[in-house]
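So that the names make sense, note that chain A is the first sequence line, chain B the second, and so on, each numbered from 1.
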Protein chains: 2
Amino acid sequence: MSQAGAGIDLETSLGYLLKEASSALRAAMEAVLRPLGMTVTHYSCLELLAQRPGLSNSELARGAFVTRQSMNVLLQTLEREGYVTRPAEAPFGKVLPTRLTPLGRQSLEKATAAVRSVELRMLGGLTESEQSAALRILRTMVRSLRDGNDGA
Amino acid sequence: MSQAGAGIDLETSLGYLLKEASSALRAAMEAVLRPLGMTVTHYSCLELLAQRPGLSNSELARGAFVTRQSMNVLLQTLEREGYVTRPAEAPFGKVLPTRLTPLGRQSLEKATAAVRSVELRMLGGLTESEQSAALRILRTMVRSLRDGNDGA
DNA sequence: AAACCTATGTCAGACTACTGACATGAGTCA
DNA sequence: TGACTCATGTCAGTAGTCTGACATAGGTTT
C-alpha cells in the first residue's frame, strides 16, 4: 500500500489533509449560502466590509484570497445590485473606499448565521485546547509558506 | 477592533485561518509547478495514479477534490498528451481504469520533488508532536463537516 | 526637479471548474 | 422478470477566477 519510493503518502500528508479540510469547509459553506443566492467570495467580501468599513478593492482581494481583478468584478456586481457603495472619485490617490449599504448589512446577517452554524459544526469535535492549538499551528504554517524560509 | 456584535471575528476564526493556510499552500505549489507546465490538479491526478494505479475517473475526482466532469476533461488532455492511458472499453461496468505511462511517471518525478520542498517548508516551523496534532485535528474537522452532525 | 519604483483600479481575453443533463451498467427488491 | 435506485462516463453551457496589459497616483532616490 506504500508508494513506489519517491511519492508523497497522501494518507499522512499534512498538505493533502489541509486541502481536504479546506475543500470540505468550502463545500459546506456553499451548501448553506446557495439558498441565500450567495457565493463564498461574495460572503467573504461582505463580512470583511462589516468588520473593516472603507476597505479598498485591493485590500478586499487580499482578505478574500482572490486577485484584485476578480474582486473588482464582484464589487461592480455588488455595487450595481445595491449591496455596497463606492465614491465616484477617490478622496486620496486611486484608492476607492467601499462601504456596506443597509441592504448589504441586512443580507449579510442571514449569511453570517448560516456560516456560523457551519463553523460550529466543524469545531464540534474539538476541545478548547485543540482549537487554540489549531490556530497556532495554522498560523505557523502560513508564516513558513509566506516567508519562504524553512522556519528552522 | 471587535465586530459589531453578530459578525465572525476573522482574526480568531479557525475557518478563515484554514482558508488562509490552504490558499498559501496552493499558491506555493502553483509557484513551483508552473515552471514544469503543471497545475495543482494536474499534479494531484498523477500523484494519485502513482500510488493507486487503475483508479477510475470518478475516484480520481474525489481524490483531487474536483467534480468528475472536471477530472474527465483533464484526463482527456493527459491521455492525448501521453501521460496516462485508459482502455477503449470498460473491462467491467462503465469504469475505465487509468494508468500512468512512462512519460507520466517521468513527469511526476520532478513535480513530486518540487511539491515535497514546499511541504517541508510548511512543516519547518512545527515540532513532531505539533505535526501529528495537526493531522488528528484536521481529520476530526473533516469528519464533523462531512457527517453533518455537531460532533458532540 | 526628474527618474524610478510600487501599488492601485480597470479592461479584455483565456482558462478552469462548476451545474445541468443524458445514457448506460450494476445491484436491489418486489 | 421488471421496476427501482445508484454510480459512472460524457457532452454542453455557464460562471468564477486567473493572467496580461495599461494608465495613474504616491513615495523614493538621485
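Here R26(A) does not reach the OP1 or OP2 of dG16(D): none of its side-chain N or O atoms lies under 4.0 Å away. Of the side-chain N and O atoms in S58(B), one or more sit less than 4.0 angstrom from OP1 or OP2 of dG9(D). Dashed line: the shortest gap from a side-chain N or O of T41(B) to OP1 or OP2 of dA17(C) is under 4.0 Å.
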Given T112(B) and E109(B), is the side-chain contact (heavy atoms from CB on, under 4.5 Å) satisfied, shown in steps? CA-CA 5 Å; T112(B) 297; E109(B) 272 183 30; 5.9 Å; no
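The distance from atom NE2 of H42(B) to atom P of dT16(C) is 11 Å, rounded to the nearest whole Å. If you take CZ of F92(A) and C1' of dA25(D), they are 9 Å apart, rounded to a whole angstrom. In this structure, E89(B) atom CD and dT8(D) atom C1' are separated by 16 Å, rounded to whole Å. Remark: P of dG25(C) and CG of N57(B) are 17 Å apart, rounded to the nearest angstrom. The interatomic distance linking L60(B) (CG) with dA7(D) (P) rounds to 18 Å, in whole Å. In this structure, OH of Y43(B) is placed 19 Å from P of dT16(C), rounded to the nearest angstrom.
Two residues, K94(A) and R34(A), neighbour DNA chain C, and the one matched to the more 5' nucleotide by heavy-atom proximity is K94(A).
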When the side chains of residues 84-108 of chain A are checked against the rest of the protein, which donor-acceptor pairs come out under 3.5 Å, sequence neighbours left out?
{"from": "T98(A)", "atom 1": "OG1", "to": "L55(A)", "atom 2": "O", "distance (Å)": "3.3"}
{"from": "T101(A)", "atom 1": "OG1", "to": "G82(A)", "atom 2": "O", "distance (Å)": "2.6"}
{"from": "T101(A)", "atom 1": "OG1", "to": "Y83(A)", "atom 2": "O", "distance (Å)": "3.1"}
{"from": "T101(A)", "atom 1": "OG1", "to": "L103(A)", "atom 2": "N", "distance (Å)": "3.4"}
{"from": "T101(A)", "atom 1": "OG1", "to": "G104(A)", "atom 2": "N", "distance (Å)": "3.1"}
{"from": "R105(A)", "atom 1": "NH2", "to": "L100(A)", "atom 2": "O", "distance (Å)": "3.4"}

For residues 58-72 of chain A, tabulate all N or O donor-acceptor pairs below 3.5 Å that involve a side-chain atom, not counting sequence neighbours.
{"from": "E59(A)", "atom 1": "OE1", "to": "S56(A)", "atom 2": "N", "distance (Å)": "2.9"}
{"from": "E59(A)", "atom 1": "OE1", "to": "S56(A)", "atom 2": "OG", "distance (Å)": "3.2"}
{"from": "T67(A)", "atom 1": "OG1", "to": "S70(A)", "atom 2": "N", "distance (Å)": "3.2"}
{"from": "T67(A)", "atom 1": "OG1", "to": "S70(A)", "atom 2": "OG", "distance (Å)": "3.1"}

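Listed in residue order, the members of residues 64-84 of chain A having a heavy atom less than 4.0 Å from DNA chain C are R68(A), Q69(A), N72(A), Q76(A).
Atom CZ of R34(B) has 12 or fewer neighbouring heavy atoms from other residues, nucleotides or ligands inside a 6.0 Å radius.
Salt-bridge check for E11(A) with R52(B): passed, with a basic side-chain N closer than 4.0 Å to an acidic carboxylate O. One finds a salt bridge joining R146(A) and E20(B) here, because a Lys/Arg side-chain nitrogen approaches an Asp/Glu carboxylate oxygen to under 4.0 Å.
E30(A) and T39(A) share no donor-acceptor pair across their side chains, judged by distance under 3.5 Å alone.
Ranking dG9(C), dT8(C), dG9(D) by closeness to the V95(B) side chain, first place goes to dG9(D).
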